[in-house]
Amino acid sequence: MKNTIRVFISVLCLSLIAACSKDDPTPTPPPTPLVSDLIKKVWSASNIQWDGNVQYDKTASSNLIAGYAQFKLDLASSSSASLTEYDGNKFTGTYSLSSDNKTLTLSSLKTSDGTEPTGTGGTLAFTISGVPTASSLVIESTTAYVKASNKKIRLSLVNP
């Protein structure tokens with residue numbers, strides 16, 4: 001009888017240990033979001049620089065170009081773009097992302113009366129700096145921009 005109880009208790013203990021020691025499968029990390037999905041938002045200005053000189057900082061009490069408070073880059077649609085510049089002009093057109101995800105090109109930009117952004121032929125190209133996140137995007141103009149006193153611009157953008 002004693003042996004039967006010992007065997008029963010031993011089997012019971014082994015069963016409990018075996019039930020508790022099962023290896024959990026390693027969780028699969030979520031897939032890395034695509035750059036094309038990360039930029040598909042409405043962006044506003046956080047920090048704007050012209051040739052390295054800060055023109056606008058969202059956290060500052062005063063700015064050289066306060067109009068950047070109304071700046072908006074709307075890439076929420078799959079290929080349509082809307083750009084509201086610091087001077088209040090709103091342009092609509094299309095956008096594309098290069099195959100290496102490093103260049104963002106805004107094309108066919110025009111106001112409702114057909115005016116293009118000064119000196120651009122309706123096209124603005126930007127290099128994407130670093131990796132965009134769900135809430136930040138940093139882009140730099142590939143060429144000097146007339147509206148920025150013929151300087152390259154760096155736009156640190158945020159969403160929302």
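Scope of the values below: all heavy atoms of this structure, side chains included, with no hydrogens, waters or symmetry mates. Please read these numbers as outputs of a predicted model, since none were measured by experiment.
- Using a distance-only test at 3.5 Å, with no hydrogens or angles considered, a donor-acceptor pair links the side chain of N159 to the main chain of V42.
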Before you tell me yes or no, could you show the steps for D74 and L83 under side-chain contact (heavy atoms from CB on, under 4.5 Å), namely the whole-Å CA-CA distance, both residues' side-chain angles and the distance that decides it to 0.1 Å?
CA-CA 6 Å; D74 185 346; L83 172 67; over 6 Å; no

Verdict with supporting geometry, T123 and L109, side-chain contact (heavy atoms from CB on, under 4.5 Å):
CA-CA 6 Å; T123 300; L109 294 172; over 6 Å; no

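- Under the 4.5 Å side-chain criterion, counting only non-hydrogen atoms from C-beta, N47 is in contact with V54.
- Transitive grouping of hydrophobic side chains (ILVMFWY, heavy atoms separated by less than 4.5 Å) brings V35 and L137 into a common cluster.
- Rounding to the nearest 0.5 Å gives a distance of 4.5 Å between CD1 of I139 and CZ of F126.
- Nearest approach of A81 to L75, heavy atoms of both residues: CB-CD2, 4.0 Å.
- How far OH of Y95 is from OG of S79: 7.0 Å, rounded to the nearest 0.5 Å.
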With side-chain contact (heavy atoms from CB on, under 4.5 Å) as the criterion, how do T120 and T118 come out once you've worked through the C-alpha distance, each side chain's angles and the decisive distance to 0.1 Å?
CA-CA 6 Å; T120 66; T118 307; over 6 Å; no

Could you walk me through whether S156 and K58 pass the side-chain contact (heavy atoms from CB on, under 4.5 Å) test, one step at a time?
CA-CA 10 Å; S156 296; K58 188 176 188 173; over 6 Å; no

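- The structure places OG of S136 at 9.0 Å from CG of L157, a figure rounded to the nearest 0.5 Å.
- The hydrophobic cluster containing Y56 also contains Y145, counting ILVMFWY residues as joined when their side-chain heavy atoms lie under 4.5 angstrom apart, directly or transitively.
- I65 is connected to L73 through a chain of hydrophobic side-chain contacts under 4.5 Å among Ile, Leu, Val, Met, Phe, Trp and Tyr, so both are in one cluster.
- A distance of 6.0 Å separates CG in N53 from NZ in K151, rounded to the nearest 0.5 Å.
- Across all their heavy atoms, P160 and S44 have their closest contact at O-OG, 4.0 Å.
- Here the shortest heavy-atom pairing between A134 and W43 reads O-CH2, 4.3 Å.
- Using a 4.5 Å heavy-atom cutoff, the side chains of K147 and D87 are in contact.
- No continuous path of ILVMFWY side-chain contacts below 4.5 Å connects V158 to L155, so the two sit in separate hydrophobic clusters.
- The two residues Q70 and T84 have their closest heavy-atom pair at O-CG2, 3.7 Å.
- Under the 3.5 Å distance criterion, the side-chain polar atoms of N63 are matched with a main-chain donor or acceptor of D57.
- I153 is connected to L104 through a chain of hydrophobic side-chain contacts under 4.5 Å among Ile, Leu, Val, Met, Phe, Trp and Tyr, so both are in one cluster.
- The aromatic rings of Y86 and Y68 are tilted relative to each other, their planes meeting at an angle between 30° and 60°.
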Run the side-chain hydrogen bond (donor to acceptor under 3.5 Å, both in side chains) test on Q49 and D51 for me, step by step, so that the C-alpha distance in whole Å, both residues' side-chain angles and the decisive distance to 0.1 Å come before the verdict.
CA-CA 6 Å; Q49 298 177 17; D51 279 351; over 6 Å; no

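- Salt bridge K152/E140: absent, no basic N to carboxylate O contact under 4.0 Å.
- Side-chain contact between V138 and R154 is present, with at least one heavy-atom pair separated by less than 4.5 Å.
- Distance check, rounded to the nearest 0.5 Å: OG1 of T111 to CG of N89 gives 7.0 Å.
- The structure places CD of E85 at 7.5 Å from CZ of F71, a figure rounded to the nearest 0.5 Å.
- In this structure, K90 places its NZ atom where only 12 or fewer heavy-atom neighbours from other residues, nucleotides or ligands lie under 6.0 Å away.
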